[in-house]
Amino acid sequence: MSDVDWAGRVAVIGGGPAGLMAAEALAAAGCAVDVFDAMPSVGRKFLLAGKGGLNLTHAEPFEDFLGRYGERAERLRPLLQAFGPEQLRAWAAGLGVETFVGSSRRVFPVDMKAAPLLRAWLHRLRTQGVRFHMRQRWTGWDEAGALRFESPAGSARVQPAATVLALGGASWPRLGSDGAWWPWLAARGVALEPLAPSNCGFDVGWSEHLSQRFAGEPLKSVAIAFEGWRQRGEFIVTAGGVEGSLVYAVSSLLRDRLAAGGDAVFELDLLPDRPLAWVQQELAHTRGPRSLATHLKTRLHLSGLKAALLWEIVPREAQADPARFAALIKALPIRVKAPRPIAEAISTAGGVPFEAMDEHLMLSALPGVFCAGEMLDWEAPTGGYLLTACFASGRQAGQGAAAWVGR
Ligand SMILES: Cc1cc2nc3c(=O)[nH]c(=O)nc-3n(C[C@H](O)[C@H](O)[C@H](O)COP(=O)(O)OP(=O)(O)OC[C@H]3O[C@@H](n4cnc5c(N)ncnc54)[C@H](O)[C@@H]3O)c2cc1C
């Protein structure tokens, strides 16, 4: 590596979807590109994302799509207008990967997998002249402003014409992204937001009985409500708490409430298809000698985990009061104590704020250094929104770096 003349070359650090897209934009603009990654191969989290079916993007109307990025939506608007769901699907098709719109308008490759797309993409990038340097861990800058790398072969210094940082967040660190970059950027004067788990599970602290009997079981066809937010779906009861898609969807609200020192209690609707009046009426039905558990099972079809949650949370006196019990079946309070650690989260919130960059995603504090992907301070629910914004910001940063080098 040390023999290379770096003067005209651009370094992309991080070979996830954001970094690879930056490399593609740079190569398309005629730049000489080197991709560095700490891992033995690129795209490890992308491949993991493909395990349960690669949800590339989402096919809802653009304004709804944009709205999923919450407070950062307007910052991301130009990036997603330039490279949003439609462009992403066309881009995948260009790599020979056709996509389809699945249930709830999520978009997947026809074969659901990430590996064929990544393989075709890497092949194309190499053909375009992009060079890959694996097992190269970036460890910050030296006194002269050169990038420092550590590898099994030793250390190296690289001083490229521009740098794109696409280092990911801090979730699933064993796949390469560990958030180690945070103090290095902070030390160079970049005002960063703390990293926090996003799309994460929570600790609840179940009784031993519930934990041992039901850990790992899904709660299907339920709804969660929290301060005006309400959504239907499913989630999983873990040994100590809750996780899964419906919990991830409300996780930023619960996390922020806990961080602000508040009580985070969501309401679980165990029968979202049934109005409260119907539940009350069924509960009030004479049950004769039958136990309450049998009554719940026969009249309301509440058994197993759903019933266990009721026994866990509903106080005895409320069990004897059909009106109160019915209200709790429709709004069972679940108090979460803490988010699960960021290493377990699907994604990361916090990082490089848009205010610290120009419109090309170049850091104001470090001219010539661009940032992209999950290391930027935005978050979104699962559903293809994460990858889409990583691709879009990678492209923007790559184009910005190309313009910077060619200026
Ligand atoms: C289980 C799971 C399933 C998911 N499923 C989906 C899904 O279906 N749809 C969706 O939209 N999103 C999904 N995501 C999220 C998505 O995978 C991430 O948002 C996305 O991969 C982030 O891309 P990135 O390029 O910003 O970072 P990453 O993909 O994390 O890539 C960053 C790269 O930087 C490298 N790196 C980090 N630090 C250094 C360093 N110091 N030196 C050198 N290299 C370094 C890493 O090795 C890594 O290769 C899922 C995530 C998980 C955990």
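Just so you know, ligand 1 is whichever comes first in the structure, and atom 1 is the first atom listed for that ligand. The model shown is predicted, which means the values in this text are computed figures rather than measured ones.
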Report task. Could you walk me through whether E227 and R257 pass the salt bridge (Lys or Arg N to Asp or Glu O under 4.0 Å) test, one step at a time? Result -> CA-CA 11 Å; E227 294 178 347; R257 167 52 61 90; 2.3 Å; yes
Query raised in the report: Is A180 in contact with ligand 1, taking contact as a heavy-atom separation below 4.0 Å?
Result: no
**Report entry** Backbone or side-chain N or O of G43 under 3.5 Å from ligand 1 N or O
**Finding:** no
Report summary line: Numbered in order shown, the ligand 1 atoms found under 4.0 Å of a heavy atom of Q136 are 42 (N), 43 (C)
Query raised in the report: Between W172 and ligand 1, which part of the residue brings a heavy atom under 4.0 Å of the ligand: side chain, backbone, both or neither?
Result: side chain
Query raised in the report: Is it the side chain (CB and beyond), the backbone, both or neither of M375 that lies under 4.0 Å from ligand 1, heavy atoms counted?
Result: neither
Report summary line: If we number the atoms of ligand 1 from 1 as shown, the ones under 4.0 Å from a heavy atom of G16 are 25 (O), 29 (O), 31 (O), 33 (C)
Query - Proximal atoms of ligand 1 relative to G373 (non-hydrogen, under 4.0 Å) - result: 26 (O)
Query raised in the report: Among all protein non-hydrogen atoms, which one is nearest to atom 7 (C) of ligand 1, and what is the separation to 0.1 Å?
Result: N55 O, 3.8 Å
Query raised in the report: How are the rings of F65 and H58 set to each other: parallel, tilted or perpendicular (split at 30° and 60°)?
Result: tilted
**Report entry** Steps toward salt bridge (Lys or Arg N to Asp or Glu O under 4.0 Å) verdict (E379, R72)
**Finding:** CA-CA 8 Å; E379 65 179 315; R72 305 291 178 271; over 6 Å; no
Query raised in the report: So, is S171 polar-close to ligand 1, with some N/O to N/O distance under 3.5 Å?
Result: no
Requested in this report: For atom 17 (O) of ligand 1, grab the closest protein heavy atom and report residue, atom and distance to one decimal in Å.
Outcome: K45 CG, 3.7 Å
Query raised in the report: Considering distance alone, does some N or O of T388 sit under 3.5 Å from an N or O of ligand 1?
Result: no
Query raised in the report: If you measure every N/O of P17 against every N/O of ligand 1, is any gap under 3.5 Å?
Result: yes
Query raised in the report: To the nearest 0.1 Å, how far is atom 34 (O) of ligand 1 from its closest protein heavy atom, and which atom is that?
Result: G14 CA, 3.2 Å
Query - Close side-chain approach of K306 and L332, heavy atoms under 4.5 Å - result: no
Requested in this report: Specify whether W6 and F36 have parallel, tilted or perpendicular ring planes, treating 30° as the upper limit for parallel and 60° as the lower limit for perpendicular.
Outcome: tilted
Report summary line: Filtering T348, L387, L54, I346 for the heavy atom nearest atom 52 (C) of ligand 1 leaves I346
**Report entry** W404 and M362, any side-chain heavy atoms less than 4.5 Å apart
**Finding:** yes
**Report entry** Atom indices of ligand 1 within 4.0 angstrom of G384 heavy atoms, with elements
**Finding:** 11 (O)
**Report entry** Nearest protein heavy atom with distance in Å, relative to atom 48 (C) of ligand 1
**Finding:** D37 OD2, 3.4 Å
Query - Exam field: side chain S198 to backbone A349, donor-acceptor pair closer than 3.5 Å - result: no
**Report entry** Which of the ligand 1 atoms, numbered from 1, are nearer than 4.0 Å to a heavy atom of G15
**Finding:** 33 (C), 49 (O)
**Report entry** W184-ligand 1 polar pair, N/O distance under 3.5 Å
**Finding:** no
Query raised in the report: Does A38 reach ligand 1 with a nitrogen or oxygen that is under 3.5 Å from one of the ligand's nitrogen or oxygen atoms?
Result: yes
Requested in this report: Indicate whether the side chain of S347 and that of N199 have a donor and an acceptor atom separated by less than 3.5 Å.
Outcome: yes
Report task. Examine R75 relative to W378 and say whether NZ or CZ is less than 6.0 Å from the centre of the six-membered ring and inside a 45° cone about the ring axis. Result -> no
Query - Single hit among S393, S177, S171 for side-chain contact (heavy atoms from CB on, under 4.5 Å) with E374 - result: S171
Query raised in the report: Charged N to carboxylate O under 4.0 angstrom, E74 versus R77?
Result: yes
**Report entry** Ring centre gap for W91 and F391 strictly below 6.0 Å
**Finding:** yes
Report task. Under 4.0 Å from a heavy atom of A18: give me the atoms of ligand 1 that qualify, with their elements. Result -> 25 (O), 26 (O)
Report task. State whether R137 and D178 are salt-bridged, where the test is any N-O pair (Lys NZ or Arg NE/NH1/NH2 against Asp/Glu carboxylate O) under 4.0 Å. Result -> yes
**Report entry** Side chain, backbone, both or neither: L48 near ligand 1, heavy atoms under 4.0 Å
**Finding:** side chain
Query raised in the report: Would you say W138 and V158 make side-chain contact, with heavy atoms under 4.5 Å?
Result: no
**Report entry** Nearest protein heavy atom with distance in Å, relative to atom 6 (C) of ligand 1
**Finding:** A49 CB, 3.5 Å
Report task. Considering only non-hydrogen protein atoms, determine which one is nearest to atom 36 (N) of ligand 1 and report residue, atom name and distance to 0.1 Å. Result -> G176 O, 3.8 Å
**Report entry** ligand 1 N/O within reach of E374 N/O, cut-off under 3.5 Å
**Finding:** yes
Report task. Pick one of side chain, backbone, both or neither for how C390 approaches ligand 1, counting any non-hydrogen atom pair under 4.0 Å. Result -> side chain
Query raised in the report: atom 15 (C) of ligand 1: which protein heavy atom is closest, and how many Å away?
Result: L386 CD1, 3.8 Å
Query - Check: Q136 side chain, A156 main-chain N or O, donor-acceptor pair, under 3.5 Å - result: no
Query - Whether R44 lies under 4.0 Å from ligand 1, heavy atom - result: no
Report summary line: Under 4.0 Å between heavy atoms, the region of A166 that gets near ligand 1 turns out to be backbone
Query raised in the report: Between the side chains of E312 and S207, is a donor N or O closer than 3.5 angstrom to an acceptor N or O?
Result: yes
Requested in this report: Note the single closest protein heavy atom to atom 42 (N) of ligand 1, along with its residue, its atom name and the distance in Å.
Outcome: W138 N, 2.9 Å
Query raised in the report: Would you call the rings of F46 and W121 parallel, tilted or perpendicular, where under 30° means parallel and over 60° means perpendicular?
Result: perpendicular
Requested in this report: Report yes if G19 has an N/O atom closer than 3.5 Å to an N/O atom of ligand 1; otherwise report no.
Outcome: no
**Report entry** Flag, side chain of S245 to backbone of E234, donor-acceptor distance under 3.5 Å
**Finding:** yes
Query raised in the report: Which atoms of ligand 1 are found less than 4.0 Å from any heavy atom of M39?
Result: 47 (O)
